[in-house]
Amino acid sequence: APVAKHNAAPPAKIRRDRKAINAWLKKGAELASTFLENWADKADAENGHLMVAKAVIWKARADRKAIDAGLKKAVKHLDKYIEANPDGDLEEARKLKKSYVGAIKQNAARAKANAERNKLKGKPAPVLGANDVLDQDEPMTLASLKGKVVILDFWATWCGPCRRVIPHLVELYNAHKDEGLMVLGVPRLYGGGFVPGEGSKRDLDKDAEYDVNRRCAKAMKMTYPIVFAPDAFKAYMVKGIPQLVLIDRDGKVRHIQVGA
């Protein structure tokens with residue numbers, strides 16, 4: 001089936017181009033739709049449930065809202081395929097089913113976490129907790145920033161999507177800091193990091209990781225403070241980075257965004 005040839009990871013040359021990725025996903029969805037029109041009703045007779053399951057996922061991948069329904073539908077087709085081929089080579093089908101079931105559970109957990117995180121909106125922003133401000137002697141408190149609009153950027157030097165957000169935050173901060181905007185880059189210790197132009201760094205102690213953050217900040221021309229605040233990751237329910245939190249002048253959480 002044509003969709004089978006398209007059913008692979010995106011070409012390396014487009015992996016950092018969101019528009020190209022979306023076009024690639026759209027093409028896969030179109031091929032999958034054509035395939036399903038011709039095969040969905042023949043799956044039982046032609047033993048085609050494995051191919052139909054793959055096509056269902058391809059069609060759903062282009063629409064995030066449809067992915068859970070697509071995953072569940074694909075699992076049903078895989079179950080039918082496994083049942084119809086008890087003596088066949090089922091390694092691929094079982095591997096796909098395990099992957100799809102895992103994705104369903106992961107998406108459910110993510111949705112639950114999002115719902116819990118969204119409860120912070122409209123409420124006083126949780127405190128940062130114990131923290132170290134890079135190259136400053138005193139810790140940072142949100143109370144000291146009351147009256148300012150604050151953006152918390154939970155990030156890590158090794159996180160590619162995080163680094164793609166930073167130039168926009170630098171531009172925003174430089175343009176509006178005199179009007180009362182404060183941006184705080186909030187990492188924690190991971191034992192490793194990344195410096196543009198130098199590459200990945202591993203097995204770092206605290207001082208070495210602080211220095212990696214310092215060099216990364218310099219390479220990316222970051223002009224706002226970097227605050228190591230591990231307790232804040234729990235307080236703001238950070239499950240994935242980057243996570244951006246917008247706090248208004250009264251110290252209340254107004255918006256939370258996860259992902260670049």
Side-chain angles (χ1 to χ4, degrees), residues 9-10 12 15-16 18 21 98-99 102-103 105-114 116-117 120 125-142 144-145 150-173 182-247 253 256-260:
R15 287 178 189 169
R16 294 188 178 182
R18 182 167 291 182
I21 288 285
K98 182 179 180 180
S99 173
K105 291 180 179 179
Q106 186 179 52
N107 289 346
R110 186 180 294 116
K112 183 178 179 180
N114 287 342
E116 288 298 313
R117 193 182 298 112
L120 293 173
V127 298
L128 294 175
N131 65 80
D132 287 332
V133 183
L134 195 64
D135 295 329
Q136 293 185 26
D137 295 329
E138 297 298 322
M140 181 71 68
T141 67
L142 292 180
S144 69
L145 299 176
V150 179
I151 297 175
L152 304 180
D153 174 29
F154 292 90
W155 75 296
T157 59
W158 48 260
C159 168
C162 298
R163 295 197 303 273
R164 289 198 290 274
V165 168
I166 287 171
H168 302 288
L169 292 175
V170 170
E171 181 180 4
L172 190 67
Y173 175 66
M182 173 58 78
V183 176
L184 301 179
V186 187
R188 62 180 180 83
L189 294 174
Y190 291 95
F194 179 89
V195 179
E198 297 182 28
S200 297
K201 312 292 180 180
R202 296 181 174 84
D203 301 321
L204 303 176
D205 61 19
K206 178 179 177 180
D207 290 340
E209 190 162 350
Y210 276 27
D211 189 54
V212 163
N213 275 263
R214 185 180 294 110
R215 300 205 308 273
C216 182
K218 182 178 180 180
M220 301 203 68
K221 300 180 180 179
M222 295 170 67
T223 50
Y224 49 81
I226 296 176
V227 184
F228 285 86
D231 293 342
F233 278 74
K234 182 176 181 180
Y236 286 88
M237 297 179 237
V238 179
K239 302 296 184 183
I241 53 176
Q243 176 173 308
L244 300 171
V245 180
L246 177 65
I247 301 170
V253 175
I256 300 173
Q257 178 177 319
V258 179

### Query
Sub-3.5 Å donor-acceptor pair from the side chain of N213 to the main-chain atoms of D211, do we have one?
no
#### Entry: Working for side chain to side chain contact (heavy atoms under 4.5 Å, CB included), residues T157 and R163
CA-CA 7 Å; T157 59; R163 295 197 303 273; 5.8 Å; no
### Task
Search all heavy atoms of A125 against all heavy atoms of L142 and return the closest pair with its distance.
CB-CD1, 3.9 Å
### Query
How about I166 and M222: do any of their side-chain heavy atoms sit closer than 4.5 Å?
yes
### Query
Between R214 and D135, is a side chain to side chain contact (heavy atoms under 4.5 Å, CB included) present by the stated rule, with each step listed?
CA-CA 9 Å; R214 185 180 294 110; D135 295 329; 2.9 Å; yes
### Task
Check side chain to side chain contact (heavy atoms under 4.5 Å, CB included) between K218 and all other residues, then give those that pass, not counting sequence neighbours.
none
### Message
Any heavy-atom pair between the side chains of L246 and L152 that's under 4.5 Å?
### Response
no
#### Entry: Separation of L184 CG from L128 CG (nearest 0.5 Å)
7.0 Å
### Message
Quick test of your reading: applying salt bridge (charged side-chain N to carboxylate O under 4.0 Å, His left out), list the pairs with at least one residue in residues 194-204, sequence neighbours left out, ordered by first then second residue.
### Response
E198-K201, E198-R215
## Note on the structure
Minimal heavy-atom distance between V258 and G240, with the atoms involved, is CG1-O, 3.9 Å
### Query
Does the E209 side chain pair with the main chain of L204, one donor and one acceptor, at a distance under 3.5 Å?
no
### Any pair counted as side chain to side chain donor-acceptor pair (under 3.5 Å), so long as it reaches residues 222-243, sequence neighbours left out
R117-Q243, N174-T223
### Message
Determine whether a donor-acceptor pair (N or O, by modelled atom type, separation under 3.5 Å) exists between the side chain of N131 and the backbone of M140.
### Response
yes
### Task
To the nearest 0.5 angstrom, please state how far the CZ atom of F194 sits from the SG atom of C216.
8.0 Å
### Query
Any side-chain donor-acceptor pair under 3.5 Å between Y210 and D132?
yes
### Task
Step by step, work out the side chain to side chain contact (heavy atoms under 4.5 Å, CB included) result for L169 and L244.
CA-CA 10 Å; L169 292 175; L244 300 171; 4.1 Å; yes
### Query
Of V238, I226, V165, which meets side-chain contact (heavy atoms from CB on, under 4.5 Å) against W155?
I226
### Message
Using only atom types and a distance under 3.5 Å, with no angle test, would you say the side chain of R188 pairs donor to acceptor with the backbone of A229?
### Response
no
### Message
Quick check against the 3.5 Å criterion: does Q257 have a side-chain atom that pairs as donor or acceptor with the backbone of V245?
### Response
no
### Smallest separation among heavy atoms of G185 and P187, with atom names
O-CD, 3.3 Å
### Task
May I ask you to test the F228-V186 pair for a side-chain heavy-atom distance under 4.5 Å?
no
### Query
From Q106 CD over to S99 OG, what is the distance, rounded to the nearest 0.5 angstrom?
9.5 Å
### Query
Would you call W158 and I241 a side-chain contact if the rule is heavy atoms closer than 4.5 Å?
yes
### Straight-line distance of Q136 CD to E138 CD, nearest 0.5 Å
9.0 Å
### Task
Report yes if some heavy atom in the side chain of P167 is under 4.5 Å from a heavy atom in the side chain of K221; otherwise report no.
no
### Message
The test is side chain to side chain contact (heavy atoms under 4.5 Å, CB included); show your working for I256 and L120 and say whether it passes.
### Response
CA-CA 9 Å; I256 300 173; L120 293 173; 4.1 Å; yes
### Query
If you round to the nearest 0.5 Å, how far is SG of C162 from CE of M220?
10.0 Å
